[in-house]
Amino acid sequence: MTDTTTDNKTDKPNYKKTLNLPKTSFPMKANLVQNEPASLKRWDTLADKQGLYHAMQETSEGRKRFVFHDGPPYANGSIHLGHLMNKTLKDLVVRSKFMAGFHCPFVPGWDCHGLPIEHKVMTDLVESGKAAKLDGLTDDQRRTAVRRECKTYADKQIKLQAGQMKRLMTVADYEDPYLTFLPRYEAGVLEVLAGLCEQGLVYKALKPVHWSVANETALADAELEYQDREDLSVYVDFEASDATAVFNAFGLEESDHPGATPSFMIWTTTPWTLPANLAIAVHEKFNYALVRVDGNLTVMAVDAIERVTKLAKSEEVETLATTTGDKLVGLSYAHPFISEAPKPINDPDADTSKCYSIVHADYVTLEDGSGLVHTAPGHGADDYMTGLKEGLPVYCPVLGDGTYDTTTPDWLAGMSIWKANDLVAQRLTESGHMFHAYKFNHSYPHDWRSKTPVIFRCTEQWFVAVDAPTKRDGHTLRQMAMKSTGDDRSVNYVPAWGRNRMRGMLESRPDWCISRQRSWGLPIPAFTLPSGDAFMTAASVRAVNQIIETKGSDAWFADDPASLLAHYNPSEDADAPDELKDGSVSFDQLTKGHDILDVWFESGSSWNAVMRRRSGGEDFPVELYLEGSDQHRGWFQLSLLPALGVMGRPPFRTLLTHGFMVDKDGKKLSKSAGAALKDLFDRYGVDVLRWWVSSLAYENDVKVDEEFFKLAGESYRKIRNTLRFMLSNLDDYEAQDNPDFSDFHVHSLHAWVLGEFNTLVDKVTEAFEKYAFHEAHKLLYKFCNTTLSAEYLSAVKDRLYCDAPDSERRRRTQQTLVVLTDGLCKLLAPILCHTADEAYRALHKVDQKDKSTCVHLTGFPTKVNLETATAWPKLWEQLERAMKAAEDTRASSDIDNPLDLGIKLPDPEGTFEWFNSEDLADICGVSRFEFTKDSEIGITDLRDQPRCDRSWKRDTTVKQRSDGGMLSDRDAQALGLD
RNA sequence: GGGCCUGUAGCUCAGUUGGCUAGAGCGCACCGCUGAUAACGGUGAGGUCGACAGUUCGAGUCUGUCCAGGCCCA
């Protein structure tokens, strides 16, 4: 009996209801925005409500470890597109390593100290009027109060960001992250500082550093932003103090001497540094000329004459003589408005005898200026080096607030340097020293926070020396860094060019200034002796650290020096200052330093503060650091240096970098464009965003545009629909635990697709292993769309729909489908966390109440143990040709339906005799397939043969059955008809 | 200005050591199916490989210069 109803028009039975049509509760519409949070909630119940991360850790307990270390984002503001990529890529690593069979602990971290938070908090305090209350407090009390506010603020930001990162479905130990302000973290940082002290790499010195006038603090390289700025640029004549010497240098005889006094022309874009001028630098090898310009005699580089005089619109230009730079070295000059070389305010005995003379410097160029470079050792890195070399004092007459001190002329003392620019220029013009002045635009370093221009200024700072020999073996940090990033291959780079980039930066980096003059940070536990000398040794740092580890760094501000040094015994410290050793100075005569550590020193110590300390020393070095390519100079390098200093080896084995987000035209992304992440969660769903991230060639710049998320959504729906179609054909099938494929024929369609699946498993796991997520994405996409949707699934539709439900052929197909669907869910799991689990649960018919079945606690699929006929690839080539021929026939005839066609494929050698012609007909989408001895492909028109009313195939067995319908044997059997 | 990197169809990307008419997906156009249907299948049109020189029998691939863009630095 059948329940066949009758088609009204034709009076023939309607067989649609007799088919095994797809059926599933897995919806076509993903509704990610609603359903993802539900998945997150379900995963939170795993491992006794400790959540998915802990469940994964428990599941993988005892397996081989893959140690991956999270670089801490700064705890400020909502996460943006950059975080989306960074955190998702990291999550792809964590999840794929777990699925690949590793134990992969992952501790997320936050960079909590530092200027941005302190600045924000101070701004808020000022705006709310609370700042006034701080004024009455002592220095330490004020700092402590500010620090309390900062901590509250940071805590809030961490909660905000952690919530968003969880919504991104990233798995990490969010219950116990590392936070740089926690005492145990701070202790880990001070251990590193002590280790560097022990190696003799930490020193205090007067050095020109980038100085933020607005925030009155030294800034690290990483805290600078280059912005265009209009400045006053001046060409100034410095009169020679001995005219004859100059003429002689140019080889002029007494009789040739022009009457006037010659000058040296310098060029500067910072007129405010002229009061600090102590020398003029030339290049020994360059050619210089004595030139008469509109009546004045001046010296400038030959190559600069035309450019400079044109700029100044000079009318008469006459070169009197030329000479080389080395002849000028040693000549002296008079400062245009300072009669006697000044002495630094805190060094009244400084030797100024070498001041105001011409010196040589390598960095002099001919591209800009006059070829003679104004040199102020207190206000520039190059100038400072020259000053050291030439024995000039480090003269810096500018105070922290950007005003001149009392060593400058009366008309400048107390004045802001920004105001002084114009005044100095005016003065030079009046005194006739100004050759030319003009405004010009250039890229100039700015304080990243206040956006104000920074200056170079000499201050007392703590440094880590990169060129000082370590006590361990005499190697310097730079030598070790170059070695470990070089040919000994102890560090791998993804992509490979990271090595060159890193080395380029290490080659040229200066000593690391690790001190800052702020409150929100980890204090540098240094003291000042009554003599004025600084006191900080490895042992003293470790002693103070015992206090800080238990009480936190607030103790530095709350406790007196004697309490802080309670665990310190100078007699046991070889490096202790004599006055402490002999007891002539007691601890209560010490004063505490006010500097805090550069936040980069804190994050750069995370290999110790997090990885070593949490693992009892085991997790060092770690396998992988993964960050944006800006971290070659930032976190990577600043983790490498301390680790080399303390441990003698790099903290990481592999450095993976990703590029930056740019707009669709490849231009830098504006801040506002990167801000709308929350909106993206709500419009596309996280699986779509993750699908997009996995598709990126992340090594380079990543273009981002609204359109790309839409495309990712389209592509996601294709994957989803393939999964859905497979699930819908498994509705009446009970999967076995260990399906047996041993009796599957090697030439069967199933063997082919399972062979393809096995290849997919290999390639995808390999792609994940080498962090080529883009490749895994493409492979998975292609498998779903081509191998499955277009090829296998379209071929097996007929047997799934029309064969008797329990027939062996249909059940085998379903057995195959289960493996494919299950495997696909597992391979997709690291990327499409929600969808993969949703499909996995649907496949295994998991009850709503069962919260514990989860694809994320499984692993990548194992390959199916089944041989596949080796002739398949060759056969496919022939099938492609045949299908093309069929398609051509269809296009050039009145045949619309491929099922009205039959294919005869030449196989004169009998190569393909073992293949099943029904399988091949189904692959080609035609009704009949046979091999022929002919040499040409034959396409036959089958329209003169009866068509099965149920399967719509034309088949020789089709005839009228007892219910009146025209059916093939297979369909009649399926219906139990004769 | 310097270091590292990028520039291949409208879009996103493949193109091993230089070697057959430069590939894929998306998008687009057209066709089929209407028993995966806010789906599915098929066919097709799109490229002076950033520009210009050079090396070579031969260059998307190697070299140089330039242009555009990114990161880092000055």
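Every heavy atom of this structure was used, including side-chain atoms; hydrogens, water molecules and symmetry mates were not. Letters A, B, ... are given to chains in the order of the sequence lines, protein chains preceding strands, and every chain is numbered from 1.
- Side-chain N/O atoms of A:Arg501 and base N/O atoms of B:C71 include a donor-acceptor pair closer than 3.5 Å.
- Checking the phosphate oxygens (OP1, OP2) of B:A24, no side-chain nitrogen or oxygen of A:Lys778 falls inside 4.0 Å.
- Taking 4.0 angstrom as the limit, A:Arg509 places none of its side-chain polar atoms (N or O) nearer than this to OP1 or OP2 of B:G3.
- Rounded to whole angstrom, the span from the NE2 atom of A:His658 across to the C1' atom of B:U6 amounts to 17 Å.
- Distance check: A:Tyr625 OH to A:Thr657 OG1 gives 15.0 Å after rounding to the nearest 0.5 Å.
- Counting non-hydrogen atoms under 4.0 angstrom, A:Asp896 reaches the backbone sugars and phosphates but no base.
- Residue-level contact check: A:Asp888 touches neither bases nor backbone, having no heavy atom under 4.0 Å from any strand.
- Residue A:Gly666 is classed as a sugar-phosphate contact, given heavy-atom separations below 4.0 Å to backbone atoms only.
- For A:Ser789 against B:A36, a side-chain-to-base donor-acceptor contact under 3.5 Å is present.
- Cation-pi geometry between A:Arg720 and A:Phe26 is met: under 6.0 angstrom from the ring centre, within 45 degrees of the axis.
- Residue A:Leu711 is in sugar-phosphate contact alone, with no base atom involved, counting any heavy-atom pair closer than 4.0 Å across all strands shown.
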| task | Please test A:His777 against A:His774 for ring-ring contact (aromatic ring centres under 6.0 Å, His included), starting from the C-alpha separation and ending with a verdict. | result | CA-CA 5 Å; A:His777 173 108; A:His774 173 63; 7.1 Å; no

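- Taking side-chain N and O atoms only, A:Lys668 has no distance below 4.0 Å to OP1 or OP2 of B:G70.
- Here B:A24 sits opposite B:U12 as a Watson-Crick or G-U wobble pair (both hydrogen-bonding atom distances under 3.5 Å).
- When each of A:Leu788, A:Leu828, A:Thr835 is checked for a side-chain contact (heavy atoms from CB on, under 4.5 Å) with A:Ile719, only A:Leu828 meets the rule.
- Shown here, B:G35 forms no base pair; nothing in the strands shown gives a Watson-Crick or G-U wobble contact with both key distances under 3.5 Å.
- Ranked by how close their nearest RNA chain B nucleotide is to the 5' end, A:Lys703 and A:Tyr444 are led by A:Lys703.
- A:Met28 comes within contact range of the sugar-phosphate backbone alone, with a heavy-atom separation under 4.0 Å but no base atom that close.
- Under the Watson-Crick or G-U wobble criterion, with both distances below 3.5 Å, B:G54 is paired with B:C62.
- Within 4.0 Å of A:Lys667, counting heavy atoms only, lie sugar-phosphate atoms of the nucleic acid but no base atom.
- A:Ser629 comes within 4.0 angstrom of sugar-phosphate atoms only, judged by non-hydrogen atoms across all strands, and of no base.
- Residue contacts for A:Lys29: at a heavy-atom cut-off of 4.0 Å it reaches no nucleic acid atom on any strand shown.
- Residues A:Asn897 and A:Trp952 bring no donor and acceptor atom of their side chains to less than 3.5 Å of each other.
- Base pairing of B:G18 is not made with any nucleotide, judged by Watson-Crick or G-U wobble geometry with both donor-acceptor distances under 3.5 Å.
- Under the stacking criterion of a centre-to-centre distance below 5.5 angstrom and an interplanar angle below 30°, A:Tyr801 is not stacked against the six-membered ring of B:A36.
- Residue A:Asn897 contributes atom CG, which lies 13 Å from atom C1' of B:C31 at whole-angstrom precision.
- For the pair A:Tyr781 and B:A24, the criterion of a side-chain N or O lying under 4.0 Å from OP1 or OP2 is not met.
- Within 4.0 Å (heavy atoms only), A:Arg890 reaches sugar-phosphate atoms of the nucleic acid but no base atom.
- A:Lys664 comes within contact range of no nucleotide atom at all, as no heavy-atom separation falls under 4.0 Å.
- Along RNA chain B, the nucleotide nearest to A:Asp630 and the one nearest to A:Lys797 differ in position, and the one closer to the 5' end is contacted by A:Lys797.
- Anti is the classification of B:G69, since its glycosidic angle lies more than 90° from 0.
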| request: Under the ring-ring contact (aromatic ring centres under 6.0 Å, His included) rule, what do A:Phe708 and A:Trp692 come out as? Steps first, then yes or no, please. | output: CA-CA 8 Å; A:Phe708 300 159; A:Trp692 174 72; 7.5 Å; no

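- Ring centroids of A:Trp512 and A:Trp600 are separated by 6.0 Å or more, keeping the two rings apart.
- Heavy atoms of A:Arg950 sit under 4.0 angstrom from at least one base atom.
- Between A:Asp665 atom CG and B:G50 atom P there is a gap of 18 Å when expressed in whole angstrom units.
- Across all strands shown, B:G3 is found opposite B:C71 as a Watson-Crick or G-U wobble partner, with both distances under 3.5 Å.
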